[in-house]
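Positions are given from 1 along the sequence.
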Amino acid sequence: MIRGISSGYDTPLEYLDSVYGDLRFIADDINNVKAVKEGEDSRFCELVNLVRTSYNTLKEVGRPHDMGNSQMLALIERKLHMDDSKVWFHFLEREGKQGTSSLLTDWLM
């Protein structure tokens with residue numbers, strides 16, 4: 001993405017921050033992933049990797065809290081297979097916790 005930007009070190013970082021530091025781009029990436037269906041273990045792994053990469057990208061640009069809102073949580077939950085969602089909600093009930101994106105991210109990994 002930064003190939004061809006040769007204005008020193010700050011310009012490519014500013015560009016990457018403008019792209020990846022914006023929650024809309026991260027949400028678009030996750031939104032464009034199809035929901036995981038039964039038996040699609042590799043797609044589940046892809047979803048987990050995308051969530052991890054999205055969180056790490058936002059963390060790198062100083063905005064990890066952007067993954068922590070209820071919209072992002074609901075978006076990720078909708079991508080899970082029904083069986084995975086049941087396990088996730090059972091986990092929350094057993095632990096007596098309320099779902100958060102960061103907790104879901106930790107649970108996925």
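Side chain of Lys79 to backbone of Asn31: a donor-acceptor contact under 3.5 angstrom is found. Between the side chain of Arg43 and the backbone N or O of Lys34 there is at least one donor-acceptor pair closer than 3.5 Å. For Asn49 (side chain) and Cys45 (main-chain N/O), a donor-acceptor pair under 3.5 Å exists by modelled atom type. Checked by atom type and distance alone, the side chain of His81 never pairs as donor or acceptor with a backbone atom of Lys37 at under 3.5 Å.
Residues Asp84 and Trp107 share a closest heavy-atom pair of O-CH2, 3.5 Å. Across every non-hydrogen atom of Ser85 and Leu80, the tightest pair is OG-CB, 3.6 Å. Between Leu73 and Trp88, the closest heavy-atom pair is CD1-CZ2, 4.3 Å.
Annotation for Gln98: atom CD does not count as buried by contact number, only 12 or fewer foreign heavy atoms lying within 6.0 Å.
Annotation: the span from Arg78 atom CZ to Ile30 atom CD1 amounts to 11.0 Å, rounded to 0.5 Å. Interatomic distance, Met72 CE to Thr105 OG1, rounded to the nearest 0.5 Å: 9.0 Å.
Counting heavy atoms from C-beta on, the side chains of Val51 and Leu104 never come closer than 4.5 Å. Asp83 places none of its side-chain heavy atoms less than 4.5 Å from the side chain of Val87.
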- [ ] Give the C-alpha distance, both sets of side-chain angles, the deciding distance and a yes or no for side-chain contact (heavy atoms from CB on, under 4.5 Å) between Val36 and Asp41.
- [x] CA-CA 8 Å; Val36 177; Asp41 295 340; over 6 Å; no
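The side chain to side chain contact (heavy atoms under 4.5 Å, CB included) with Ile76 is formed by just one residue from the set Val48, Val33, Leu108, Leu50; it is Leu108.
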